[in-house]
Amino acid sequence: MSMRTIRQLPYEHDELFKGEISHMIPYHRMYGKSYCVPALTVYRESELAELQAASEAVHRIYRKVQQFIQRYMPDEYLVERLGIHPGLLRAARMEAAPDGITRQDWIVGEAGIKCIENNTDTPTGIPEVAYLEGKLLEVLHGERMSGDDIDLHGPSSGMDEAIQSALTELIHFYSRKGLGTKVYFTCYEWHIEDQTNTKYIMRLCEQAGFEVVYAPLEELEIIPNEGLYHRGEQIHILYRLYPLEYLIEDREEDTGLEVGQALMDMVADGKIGLINPPQHIITQSKGFTATVWSLYERNEQTPAFCGFRLFDERELEVIQTYLLPTYFEPSVFLQNKEPYVAKGIWGREGKGTHLIEQPEPEKRLEGVLGVAQNAKADQPDLHHQADAPLTPEQEEAAHIAAYYEEQPKIYQRLWPMQSAEVQTEEGLFHGYVLTGIFVIGGRFAGVLPRIGEKVTGDMAYYCAAAVANEPSNPPAV
């Protein structure tokens with residue numbers, strides 16, 4: 001398989017990521033290494049055109065299935081299959097016509113393009129795509145370039161406007177419900193990446209003409225059955241970069257008050273409008289991906305269940321072309337000895353994800369249950385002798401690993417990723433490309449390429465997208 005083309009910029013990391021760029025993307029280094037690299041991931045125009053059309057078509061199918069789940073599936077399904085906390089059910093069933101900010105993850109290569117995940121609750125990577133991509137292309141265009149470089153352009157130039165449009169539609173939606181138009185923006189103050197993403201969106205909202213306030217999570221106060229407050233001011237519309245599956249578990253340390261549940265009750269009662277809307281918890285669950293495939297395979301049976309066929313012929317073609325077989329248990333892959341991926345339903349940044357490249361049916365239990373053991377074996381520093389004390393950092397890492405490993409899993413056909421080589425501060429890195437596609441307000445908005453291991457984790461490199469013009473076919477002679 002051919003490698004993805006990477007256009008290296010003639011700069012060292014510190015020469016490029018400084019000044020305004022460093023201020024706008026302060027996490028250009030993370031975990032003691034570079035995160036943003038001075039290079040561009042090059043896509044062909046035909047690839048971008050297919051990604052744009054496919055991502056919007058897949059998004060429409062996701063919306064249709066989300067509404068189907070909200071209207072027809074029982075609470076037990078949402079809890080047991082999607083893993084949604086019972087305390088989120090009322091809010092999850094609230095339908096908001098406007099859509100928010102979502103990011104799909106795609107594998108793009110010679111075998112075809114496939115959407116493997118959907119990040120709809122708290123997608124990040126926004127300043128990188130909306131701001132940094134354009135700045136790196138400006139740097140490239142400021143150099144003495146070849147003709148090929150001149151033809152490179154960014155696919156994400158309209159992302160700021162897409163965010164503003166989606167926010168405006170959501171704010172007006174909540175305003176019509178009596179919640180006003182003032183928006184509070186929250187995340188953990190200490191989390192620099194989340195804070196940067198939150199404030200970037202907040203500035204766009206302010207530029208769109210709305211009153212905005214930055215209110216760190218640490219400063220929010222909840223009075224159950226009354227309201228959510230920041231410094232004495234009641235909040236009616238809240239943008240939160242904080243996952244709902246975390247929020248619902250939050251309790252006050254001193255009193256044990258279930259503040260997360262109290263907040264979600266007020267959301268369900270219509271006292272607070274959330275951005276992204278709470279319905280996004282349905283599509284965030286990886287169990288949703290398995291649900292889409294299950295409904296695809298049972299499309300002829302849906303009339304008996306709800307009175308209509310869920311997917312039309314065009315939608316069936318989109319699912320078959322761009323999605324992968326995904327199930328709640330791995331028997332199909334085990335029986336066929338077909339490589340697959342096991343994913344925790346709330347996995348993030350690759351956590352709780354394992355590749356099973358050589359499944360063996362007779363070793364089903366080891367194949368399914370042993371992934372957690374394999375994950376532990378990969379981290380021997382977290383598993384010393386039983387009597388060896390762990391450092392606080394190791395205890396936290398072990399707790400996080402256990403959280404993702406103990407989740408219910410879904411099982412998805414393994415699709416080959418395209419390889420790429422990129423020069424980093426740490427040397428030449430040979431990895432694999434995962435292409436994030438932002439779909440905002442239902443429309444294609446930007447591209448987030450990351451180069452990492454076969455399971456793309458939080459140590460992957462951001463390598464900004466660029467599109468190369470393709471030569472037109474010469475006239476026939």
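Note: hydrogens, waters and symmetry copies are ignored here, and every other heavy atom, side chains too, is used.
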Intermediate values then yes/no, side-chain hydrogen bond (donor to acceptor under 3.5 Å, both in side chains), Tyr200 and Asp160
CA-CA 10 Å; Tyr200 189 92; Asp160 282 352; 2.8 Å; yes
Can you tell me how far apart [atom1] ([X]) and [atom2] ([Y]) are? Round to the nearest 0.5 Å.
X	Y	atom1	atom2	value
Asn118	Ile437	CG	CD1	12.0 Å
Arg443	Gln52	CZ	CD	7.5 Å
Leu9	Gln423	CG	CD	12.5 Å
Thr289	Leu323	OG1	CG	8.0 Å
Lys286	Thr291	NZ	OG1	13.5 Å
Leu217	Tyr242	CG	OH	6.5 Å

Between [X] and [Y], which heavy-atom pair has the shortest distance, and what is it?
X	Y	result
Gly446	Met159	CA-SD, 4.2 Å
Pro38	Gln8	O-NE2, 3.5 Å
Asn276	Gly100	OD1-CA, 3.2 Å
Ile69	Phe288	CD1-CD1, 3.7 Å

Should the pair Phe333 and Tyr340 be assigned to parallel (<30°), tilted (30 to 60°) or perpendicular (>60°) ring geometry?
parallel
Parallel, tilted or perpendicular, judged at 30° and 60°: which one describes the rings of Tyr296 and Trp293?
tilted
If you apply the rule side-chain hydrogen bond (donor to acceptor under 3.5 Å, both in side chains), what do you find for Tyr214 with Glu189, and how did you get there?
CA-CA 10 Å; Tyr214 175 62; Glu189 176 79 5; 2.7 Å; yes
Has the side chain of [X] got a donor or acceptor atom that lies under 3.5 Å from a matching backbone atom of [Y]?
X	Y	answer
Thr456	Gly452	no
Asn469	Asp151	yes
Thr122	Pro243	no
Ser165	Glu161	no
Gln407	Trp346	yes
His280	Thr120	yes
Glu47	Arg44	yes
Glu219	His230	no

Face-on cation placement of [X] at [Y] ring, 6.0 Å and 45° thresholds:
X	Y	answer
Lys64	Phe311	no
Arg413	Tyr327	no
Arg29	Phe17	no

Scan side-chain atoms only and decide if [X] and [Y] contain a donor-acceptor pair under the 3.5 Å cut-off.
X	Y	result
Tyr322	Glu50	yes
Ser55	Gln104	no
Thr435	Tyr43	yes

Report the C-alpha separation of Ile281 and Glu245 in whole Å, then their side-chain angles, then the decisive distance to 0.1 Å, and conclude whether the side-chain contact (heavy atoms from CB on, under 4.5 Å) test is met.
CA-CA 8 Å; Ile281 191 67; Glu245 76 266 20; 4.0 Å; yes
Evaluate the salt bridge (Lys or Arg N to Asp or Glu O under 4.0 Å) criterion for residues Arg240 and Asp121: first the C-alpha distance (whole Å), next the side-chain angles of each, then the deciding distance (0.1 Å), finally the verdict.
CA-CA 9 Å; Arg240 42 88 213 171; Asp121 188 35; 2.8 Å; yes
Answer yes if the ring centres of Phe185 and Tyr239 are under 6.0 angstrom apart, and no otherwise.
yes
Steps toward side-chain hydrogen bond (donor to acceptor under 3.5 Å, both in side chains) verdict (Glu20, Tyr131):
CA-CA 11 Å; Glu20 178 190 305; Tyr131 166 81; 2.6 Å; yes
SB check Arg203 Glu206 (cutoff 4.0 Å):
no
Assess the residue pair Glu128 and Tyr35 against the criterion (side-chain hydrogen bond (donor to acceptor under 3.5 Å, both in side chains)); give the C-alpha distance rounded to whole Å, side-chain angles, the decisive distance to 0.1 Å, and a yes or no.
CA-CA 11 Å; Glu128 296 96 298; Tyr35 159 60; 2.6 Å; yes
Assess whether atom CD of Glu426 is packed by more than 12 heavy atoms of other residues, nucleotides or ligands within 6.0 Å.
yes
